[in-house]
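Hydrogens, waters and symmetry mates are skipped; everything else that's a heavy atom, side chains included, is used. Only a predicted model underlies this, so the values are computations on that prediction, with no experimental measurement involved. Letters A, B, ... mirror the listed sequences (proteins, then strands); counts begin at 1.
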Amino acid sequence: MDKEQVAEILLEIGILLELKGENPFKTRAYAGAARTIETLHEPLAKIVAENRLGELKGIGEALQQKITELVTTGRLDYHEKLKASVPAGLMAMLEVPGLGPKKIIVLRRELGVESVEALEQACREGRVAGLERFGEKTQSNILDGIARRRAYATQHLYADALRVAEPMLEDLRRHPDVIRCSAAGSLRRNREVIGDIDFLASSKKPAEVIAHFTSQPAVISIIARGDTKASVLLEGGIQSDLRVVSDTEYPFALLYFTGSKEHNIAMRQRAIERGLRLNEYGLFRSTEETRDPALMVECRTEEEVFAGLGLHFVPPELREDAGEFTAAEKEELPRLIEWGDLKGSLHNHSTWSDGRQTLEEIASSMDELGLAYWAVTDHSKSSFQANGLEAARLRQQIREIREINQRLASEGVDFRLLTGTEVDILKDGKLDFTDEVLSELDVVVASIHQRLAETEAETTTRLIRAAQNPYVHALGHLSGRLLLAREPYKFDAHAVIDACAAAGTWIEFNAAPERCDMDWRLWPYAKSKGVKCVINCDAHRLDHVGYLRLGAGLASKGWLTRADVINTLPLPALMRELARKRQPPGRS
DNA sequence: GCCGTTTTCGGCCCGACTGTTTTCAGTCG
């Protein structure tokens, strides 16, 4: 059993224990262990075999025993018994807003409710309102929550959330009573999938700002509204929260509402270790509960709060309690990749396969945007659904691209189109073009589009063989996932990364919002192995060039710097790297 | 469940808001 599966089971144990009314700290211990396991950069089986589980943070004797059982036997007796003792419907009930473990336990004990459907029925019949500490309002809120879940997704793509959030943020900034404001939460941390959109503002008149926020045209309904905080439901079904604080409190509140939760817990523990107390109102020279301004460590910005805890500034996208504290103590936080560092995209489509724009249209638009190069990598023939090219059409396309480039050169334009293909990785890892055809192209990206349901071993072998082909520059959208729609195919990502490291093959960060693939969690490992990244738009339309910005944001979450990303290179250096990949080993 | 120079038990991040109460438990982030 691999680490993803182990982590999933540990997380589930935590939730099941919660539903049994267990000590919440026990639940957290399982969730923490799941995170630790998931972010390991070496095979879990190796750690188990070498008896090193106990060295991991948050894994004590009980969890060592359970994880070992999972890894060695593929199952866990404790988990199976626990799961059998909790009705499956309770897990779904936990997702209804306003319902937590305590209320679910009461509903089950008093009314025998064990599923969302039974809960809905019980609310309709008015049986829920009669329970102790429930009431009419709770009952109707539960019904609303169930209906809302049905009508709207509770998770949204980063790009979709950003599109809604940016105009709202601009609107808040223009409000006369707003001093400072920012997005917070998962949006500010550049997560690929967002739950709700969090905003934070500072003001001397919080009520005015809250009133303005809740009366915006995009607001469908107000979920909650207090003096300093409001939650609304926006068109399209995204929930948005605004918190308003004083300007003195703003840096502390921004830190707090940006999270992550795990990062915040570690920050507070750091404060306690230094005899301080950190909350959303301040950093206090006391471990007692206080808001005494005299005890406050004065901080105007987040930077100063970090400094107060002996840390360099941690960029929001790194605040996942995934190594940022160690790096921030030693001043080893990297300067992360930025949008403006990118000089072009090496995986894109045109009307020759399933893209919308012609080569001419692409060349003139990308030149206008100030990019240096743009590879046209249309699909190969096996992707017939995407009008993939066979060798003859590809060679015709190469001629057309050369003509365009000659014209650009004669006009003194610095921009160049690059020839290329997104070649299909077929069964057994063979490619859809011969090496001879591939050798004629500037850029070769190899991706899987068919036979997604093979076994982990088969898919891993396919990807490794493709990575080993000397004409392949990069593997495209490594996992095949479509966020919120399709799971990744099963494969051993670490084994594929190792193979890329050995072959000098790059891995794409596919910046299409529904892909964000390879996942940011794997990049620190790839980087440690020396594997380079290419941030690609996988553009099918001109406006997909904007994905470069999303890509840089997500890649920075993987701790990548300019030096780690190939398409930060200017054209001559890029061409050298593209050629170098194809030289036999020892001649570089 | 984990953890430890305030250590082997008794802590574990912390506060706003809601809806239920009439002082607070539960949920949420």
Just by distance, no angles: are the side chains of [X] and [Y] close enough, under 3.5 Å, to form a donor-acceptor pair?
X	Y	answer
A:Lys20	A:Ser85	yes
A:Asn190	A:Tyr158	yes
A:Thr138	A:Asn141	no
A:Gln121	A:Glu117	no
A:Ser203	A:Asp177	no

Q) Of A:Arg191, A:Lys261, A:Arg35, which meets salt bridge (Lys or Arg N to Asp or Glu O under 4.0 Å) against A:Glu320? A) A:Arg191
Spacing of the [atom1] atoms in [M] and [N] (rounded, Å):
N	M	atom1	result
B:dC2	B:dT8	C1'	12 Å
B:dC9	B:dG19	C1'	37 Å
B:dG15	B:dG4	P	25 Å
B:dC17	B:dG11	P	29 Å
B:dT7	B:dC12	P	16 Å
B:dG10	B:dA16	P	30 Å
B:dT23	B:dC28	P	26 Å
B:dT21	B:dG26	P	13 Å

**Q.** Salt-bridge contact A:Asp247-A:Arg300 (side-chain N to carboxylate O under 4.0 Å)
**A.** yes
Q) Ion pair present between A:Lys57 and A:Glu262, side-chain N to carboxylate O less than 4.0 angstrom? A) no
Q) Which is it for A:Val128 and A:Leu111 under the side-chain contact (heavy atoms from CB on, under 4.5 Å) test, yes or no, and what are the steps along the way? A) CA-CA 8 Å; A:Val128 170; A:Leu111 300 177; 3.9 Å; yes
May I ask you to say what [X] touches in the nucleic acid, namely base, sugar-phosphate or nothing, with a heavy-atom cut-off under 4.0 Å?
X	answer
A:Pro101	sugar-phosphate
A:Leu17	nothing
A:Tyr78	sugar-phosphate

Q. Can you list the steps and then say if A:Glu69 with A:Gln65 is a side chain to side chain donor-acceptor pair (under 3.5 Å)?
A. CA-CA 6 Å; A:Glu69 186 177 334; A:Gln65 183 269 319; 3.3 Å; yes
Q.
Strictly under 4.0 angstrom, non-hydrogen atoms only: write out the protein contact profile of nucleotides 8-19 of chain B, one letter per nucleotide from the 5' end, B, S or -.
A. ----BBBSSSSB
Let me know the distance between [atom1] of [X] and [atom2] of [N], rounded to the nearest Å.
X	N	atom1	atom2	result
A:Ile105	B:dG26	CD1	P	9 Å
A:Leu107	B:dG26	CG	P	13 Å
A:Leu82	B:dG1	CG	C1'	13 Å
A:Leu53	B:dC2	CG	C1'	15 Å

Q | side chain to side chain contact (heavy atoms under 4.5 Å, CB included) partner of A:Glu192, chosen from A:Asp519, A:Leu157, A:Leu484 | A | A:Asp519
(Q) Please classify B:dT7 as syn or anti, treating any glycosidic angle within 90° of 0 as syn. (A) syn
For nucleotides 3-6 of chain B, print each protein N/O atom paired with a nucleotide N/O atom at under 3.5 Å, atom names and distance only.
| from | atom 1 | to | atom 2 | distance (Å) |
| --- | --- | --- | --- | --- |
| B:dC3 | OP1 | A:Gly58 | N | 3.0 |

(Q) Using a 4.0 Å cut-off on heavy atoms, which residues in residues 91-98 of chain A reach DNA chain B? List them by number, or say none. (A) A:Val96, A:Pro97, A:Gly98
Q: Between A:Phe257 and A:Tyr30, name the one whose nearest nucleotide on DNA chain B is closer to the 5' end.
A: A:Tyr30
Q.
Just verifying a value: how many Å separate A:Arg277 CZ and A:Leu295 CG, rounded to the nearest 0.5 Å?
A. 12.0 Å
Q.
Nearest 0.5 angstrom please: A:Ser202 OG to A:Arg243 CZ, how far?
A. 13.5 Å
Q) Mind checking who B:dT8 pairs with, Watson-Crick or G-U wobble, both distances under 3.5 Å? A) none
